[in-house]
Participant: 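My structure is below; once you've seen it, I'll send some questions.
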Amino acid sequence: MKKYTNTGNKDTRSGFGAGLTELGQTNENVVALCADLIGSLKMGDFKKNHPNRFFQVGIAEANMIGMAAGMTIGGKIPFTGTFANFSTGRVYDQIRQSVAYSGKNVKICASHAGLTLGEDGATHQILEDIGLMKMLPGMTVINTCDYNQTKAATIAIADHDGPVYLRFGRPSVANFTPENGEFKIGKGVLLNEGNDVTIVATGHLVWEALIAAEALEAKGITAEVINIHTIKPLDEEIILKSVAKTGCVVTAEEHNILGGLGESVARTLSLNNPAPQEFVAVQDSFGESGTPAQLMEKYGLNSQSIITAVEKVITRK
């Protein structure tokens, strides 16, 4: 299988900050709004370099979304920043009415998503956000896997006309995608070719999928690994082509098993090419306090869980 090198663990939120900093220099229409979390969202450089294009709205997320929607009318491209829980659950009405329904060009950028928020616990660890956002008509939903890809996605969504939800995280994770690589919204990335099983992963689980694929190869099982960074619109073509070859699929995500990537893949398969599928995801529960590593292990979001799911799904072919 193809080998991928971790060039050093980095947090994906810093990828967002780097991308936003670059956009500040290259696109004068980009403005940034933050709900009192400048340091956490790595928006400090943008604020320092472009103070007239930065708006600190305080702990008033609903107001932030309303302001962002209004700014688009004047041709601005607003990037809002706060934790994923506050970016979606707290302001869903404002996103639905003022952004999605109106088709406003707002980029909703959400850090600290999923269980890997860690010690802050279940009240902050939103695991429903992908489902919430993908159900909104016209909303693009992106969930990046590492620092480099998050930076590239941040830059790419500025050129996309329409609302976007960009999801990333707090912990330092493997950084393995190409530096300054091209990011194509809605196009999955084939990371490894295989014949026995397809592993479709997103976010932090992409690196775990690659680790799993290497371990499976040692057992004589070749896994095709696909990085689905865009949940909506879903790259159905790359998934269907792969599953037509392998005959089964495992989906892996740091999200509730209900409403996430797995369900989108299942729907695609059921309408086009039904095949056995296993899900690696949180089993319809809230999270709890703990280190990211402890939580990922307890809730079965790691390479070993992917290996177990692969061995199970292959028996169903």
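Position 1 is the first residue of the sequence, and the numbers go up from there.
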Participant: Hey, does the side chain of Thr202 reach the backbone of Ile228 with a donor-acceptor pair shorter than 3.5 angstrom?
Facilitator: yes
Participant: Give a yes or no answer on whether the side chain of Glu224 reaches the backbone of Gly194 with a donor-acceptor pair at less than 3.5 Å.
Facilitator: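 Such a contact is found between Glu224 side chain and Gly194 backbone.
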Participant: Are Leu216 and Val313 linked, directly or through intermediate hydrophobic residues, by side-chain heavy-atom contacts shorter than 4.5 Å (ILVMFWY only)?
Facilitator: yes
Participant: Transitively linked via ILVMFWY side-chain contacts under 4.5 Å: Ile226 with Leu210?
Facilitator: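 Different clusters.
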Participant: Will you find, in the side chains of Gln294 and Tyr299, an N or O donor that is under 3.5 Å from an N or O acceptor?
Facilitator: no
Participant: To the nearest 0.5 Å, what is the distance between CD1 on Ile126 and CZ on Phe286?
Facilitator: 9.5 Å
Participant: Ser264 and Lys232: side-chain donor and acceptor closer than 3.5 Å?
Facilitator: no
Participant: Could you state the interatomic distance from OG1 (Thr230) to CD1 (Ile185), rounded to the nearest 0.5 Å?
Facilitator: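 Answer rounded to 0.5 Å: 6.5 Å.
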Participant: Apply side-chain contact (heavy atoms from CB on, under 4.5 Å) to residues Thr144 and Arg167 and explain how you reach the verdict.
Facilitator: CA-CA 7 Å; Thr144 51; Arg167 183 192 207 241; over 6 Å; no
Participant: Quick one: are the ring centres of Phe86 and His124 less than 6.0 Å apart?
Facilitator: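 When the ring centroids of Phe86 and His124 are compared, they turn out to be within the sub-6.0 Å range.
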Participant: Could you walk me through whether Val250 and Phe279 satisfy the side-chain contact (heavy atoms from CB on, under 4.5 Å) test, starting with their C-alpha distance in whole Å, then the side-chain angles of each, then the deciding distance to 0.1 Å, before giving a yes or no?
Facilitator: CA-CA 6 Å; Val250 169; Phe279 298 74; over 6 Å; no
Participant: Is the gap between the ring centers of His50 and Phe54 under 6.0 Å?
Facilitator: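 Here the rings of Phe54 and His50 have centres that are no less than 6.0 Å from each other.
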Participant: Distance from Ser102 atom OG to Gln97 atom CD, nearest 0.5 Å?
Facilitator: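 Going from OG on Ser102 over to CD on Gln97, the span is 8.0 Å.
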Participant: Give a yes or no answer on whether the side chain of Asn195 reaches the backbone of Thr222 with a donor-acceptor pair at less than 3.5 Å.
Facilitator: no
Participant: CD1 of Ile130 to CG of Leu258: how many Å apart, nearest 0.5 Å?
Facilitator: 13.0 Å
Participant: Do any N or O atoms from the side chain of His112 and from the backbone of Phe83 form a donor-acceptor pair under 3.5 angstrom?
Facilitator: no
Participant: Do Asp129 and Tyr165 have side-chain N/O donor and acceptor atoms under 3.5 Å apart?
Facilitator: yes
Participant: Consider only side-chain heavy atoms of I, L, V, M, F, W and Y, link residues closer than 4.5 Å, and tell whether Leu115 and Val173 are in one cluster.
Facilitator: no
Participant: Any chance you could measure Arg53, atom CZ, to Lys76, atom NZ, to the nearest 0.5 Å?
Facilitator: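 That separation rounds to 7.5 Å.
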Participant: Are Val106 and Val91 linked, directly or through intermediate hydrophobic residues, by side-chain heavy-atom contacts shorter than 4.5 Å (ILVMFWY only)?
Facilitator: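 As far as the 4.5 Å side-chain criterion goes, Val106 and Val91 are connected within one cluster.
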Participant: Checking salt bridge (Lys or Arg N to Asp or Glu O under 4.0 Å) for the pair Glu288/Lys298: CA distance, chi angles, key distance, verdict?
Facilitator: CA-CA 10 Å; Glu288 61 185 288; Lys298 177 173 180 177; 2.6 Å; yes
Participant: Could you give the distance from CG (Leu33) to CG (Asn63), rounded to the nearest 0.5 Å?
Facilitator: 9.5 Å
Participant: Decide yes or no on side-chain contact (heavy atoms from CB on, under 4.5 Å) for Leu261 and Val200, but give the supporting numbers first.
Facilitator: CA-CA 9 Å; Leu261 169 66; Val200 178; 4.0 Å; yes
Participant: State, without any angle test, whether Thr177 and Asp146 hold a side-chain donor-acceptor pair at a distance under 3.5 Å.
Facilitator: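 Yes, Asp146 and Thr177 have a side-chain donor paired with an acceptor closer than 3.5 Å.
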Participant: What's the verdict on side-chain contact (heavy atoms from CB on, under 4.5 Å) for Ile307 and Val310, showing C-alpha distance, side-chain angles and the deciding distance?
Facilitator: CA-CA 5 Å; Ile307 292 169; Val310 165; 5.7 Å; no
Participant: Using a 6.0 Å distance limit plus a 45 degree cone around the ring axis, check whether Arg13 lies over the aromatic ring of Phe16.
Facilitator: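 Output no; distance or angle outside limits.
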Participant: Between Lys134 and Gly260, is there a donor-acceptor pair closer than 3.5 Å when you use the side chain of the first and the backbone of the second?
Facilitator: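 Looks like yes, one N/O pair under 3.5 Å.
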Participant: When you look at Lys219 and Glu311, which way does the salt bridge (Lys or Arg N to Asp or Glu O under 4.0 Å) test go after all the steps?
Facilitator: CA-CA 10 Å; Lys219 297 183 177 185; Glu311 291 174 338; 2.8 Å; yes
